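Along the sequence shown, residues carry numbers from 1. No experiment lies behind these values; they were computed from the predicted model shown.
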Amino acid sequence: MSTFEVRRSAVIPAAPQDIFPLVSNFHEWTAWSPWETIDPGMSRSYFGSESGAGAGYAWSGNRKAGSGTMEIEESVPSSLVRIRLQFTKPFKALNPTTFSFTPVQGGTEVAWRMTGENKGLGKVFALFMNMDKMVGADFERGLTALASTVAARKS
């Protein structure tokens with residue numbers, strides 16, 4: 001299978017405008033991203049806009065953290081964040097990622113979706129590892145941490 005999609009969602013008991021700024025500003029990701037604690041020595045840099053379209057983030061860490069960049073390509077306040085996620089290590093990959101925020105009974109459904117195509121070594125790797133199983137649990141942890149961060153900031 002050359003293409004894949006990983007998608008997780010959670011209802012966070014808050015309005016979209018309370019959640020959106022934590023996703024549309026990469027400086028806020030340190031509070032909730034499931035990958036921020038993988039490598040305590042990881043280097044981070046920010047580029048472009050402070051938040052929203054044009055905001056960028058680069059990281060470089062140990063073997064588990066890898067390295068790459070994220071850049072927000074589209075930002076619709078309290079509704080959508082579309083990110084160009086590019087890994088450079090441990091292997092090169094481009095994985096478009098989207099967050100959507102939909103008001104529902106009890107709060108906001110936040111959907112986190114990443115797609116990609118397995119090429120080269122990634123294709124071989126995909127024979128043995130399922131991307132949904134490999135990344136899905138991280139998305140779940142991230143959504144839980146996002147909910148906790150929103151709750152802490154509201155109180």
Side-chain angles (χ1 to χ4, degrees), residues 1-39 42 44-59 61 64-88 92-119 122 125-126 129-155:
M1 182 165 171
S2 63
T3 62
F4 67 87
E5 175 181 291
V6 178
R7 184 184 190 282
R8 295 293 188 276
S9 64
V11 173
I12 296 177
Q17 61 267 23
D18 294 332
I19 307 164
F20 179 82
L22 298 174
V23 177
S24 67
N25 183 335
F26 290 126
H27 297 267
E28 298 287 359
W29 283 49
T30 56
W32 64 267
S33 171
W35 299 292
E36 284 296 321
T37 58
I38 288 177
D39 177 6
M42 183 167 58
R44 298 166 186 82
S45 63
Y46 302 92
F47 57 91
S49 304
E50 178 73 17
S51 65
Y57 170 81
W59 79 94
K64 285 184 89 175
S67 63
T69 61
M70 293 191 289
E71 185 171 355
I72 297 177
E73 294 183 312
E74 182 180 6
S75 179
V76 180
S78 302
S79 180
L80 175 78
V81 176
R82 191 176 319 278
I83 299 169
R84 182 180 195 274
L85 169 60
Q86 187 164 14
F87 294 96
T88 53
K92 292 182 180 184
L94 179 61
N95 299 109
T97 301
T98 305
F99 287 85
S100 62
F101 308 85
T102 307
V104 295
Q105 183 73 26
T108 302
E109 180 182 32
V110 179
W112 188 352
R113 178 178 177 255
M114 180 178 77
T115 60
E117 186 175 348
N118 295 311
K119 297 178 180 178
F125 181 74
M129 283 302 295
N130 177 304
M131 286 299 287
D132 188 77
K133 287 183 180 176
M134 191 171 86
V135 180
D138 292 334
F139 279 22
E140 291 165 11
R141 278 194 307 281
L143 289 168
T144 298
L146 182 59
S148 296
T149 302
V150 170
R153 291 188 180 188
K154 284 176 66 177
S155 58

Only pairs under 3.5 Å count here: list side-chain donor-acceptor contacts from residues 9-25, not counting sequence neighbours, and write none if there are none.
{"residue": "Ser9", "atom": "OG", "partner": "Glu109", "partner atom": "OE2", "Å": "3.2"}
{"residue": "Ser24", "atom": "OG", "partner": "Phe20", "partner atom": "O", "Å": "3.3"}
{"residue": "Asn25", "atom": "OD1", "partner": "His27", "partner atom": "N", "Å": "2.9"}

Side-chain donor-acceptor contacts of residues 75-85 below 3.5 Å, not counting sequence neighbours, with atom names and distances?
{"residue": "Arg82", "atom": "NE", "partner": "Glu74", "partner atom": "OE1", "Å": "2.9"}
{"residue": "Arg82", "atom": "NH2", "partner": "Glu74", "partner atom": "OE1", "Å": "3.3"}
{"residue": "Arg84", "atom": "NH1", "partner": "Gln86", "partner atom": "OE1", "Å": "2.5"}

Review item, side-chain donor-acceptor pairs of residues 138-147, under 3.5 Å, at least two apart:
{"residue": "Asp138", "atom": "OD1", "partner": "Arg141", "partner atom": "NH2", "Å": "2.1"}
{"residue": "Asp138", "atom": "OD2", "partner": "Trp35", "partner atom": "NE1", "Å": "3.1"}
{"residue": "Glu140", "atom": "OE2", "partner": "Arg8", "partner atom": "NE", "Å": "2.7"}
{"residue": "Thr144", "atom": "OG1", "partner": "Glu140", "partner atom": "O", "Å": "3.1"}

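One N or O on the side chain of Thr97 and one on the backbone of Asn95 form a donor-acceptor pair closer than 3.5 Å. At least one donor-acceptor pair under 3.5 Å links the side chain of Arg44 to the backbone N or O of Met42. In this structure a side-chain-to-backbone donor-acceptor pair under 3.5 Å is missing from Thr98 to Arg113. Of the possible polar contacts, one joining the Ser155 side chain to the Ala152 backbone as a donor-acceptor pair under 3.5 Å is found.
For Trp112 against Pro34, the heavy-atom pair with the smallest separation is CH2-CD, 3.9 Å. In plain terms, the two heavy atoms of Ala31 and Thr149 that are nearest each other are O-OG1, 3.3 Å. Residue Glu5 comes nearest to Asp132 through the heavy atom pair O-OD1, 4.1 Å, listed as atom of the first residue, atom of the second, then distance.
A search for ring pair (Phe, Tyr, Trp, His ring centres under 6.0 Å) contacts involving Trp29 returns Phe26, Trp32, Phe99, not counting sequence neighbours. For Thr37, there are no side chain to side chain donor-acceptor pair (under 3.5 Å) partners at least two apart in sequence or on another chain. Remark: Glu71 pairs with no residue by the salt bridge (Lys or Arg N to Asp or Glu O under 4.0 Å) rule, at least two apart or across chains.
In this structure, CG in Leu94 is found 10.0 Å from CZ in Phe87, a value given to the nearest 0.5 Å. To the nearest 0.5 angstrom, Ser33 atom OG is 7.0 Å from Tyr57 atom OH.
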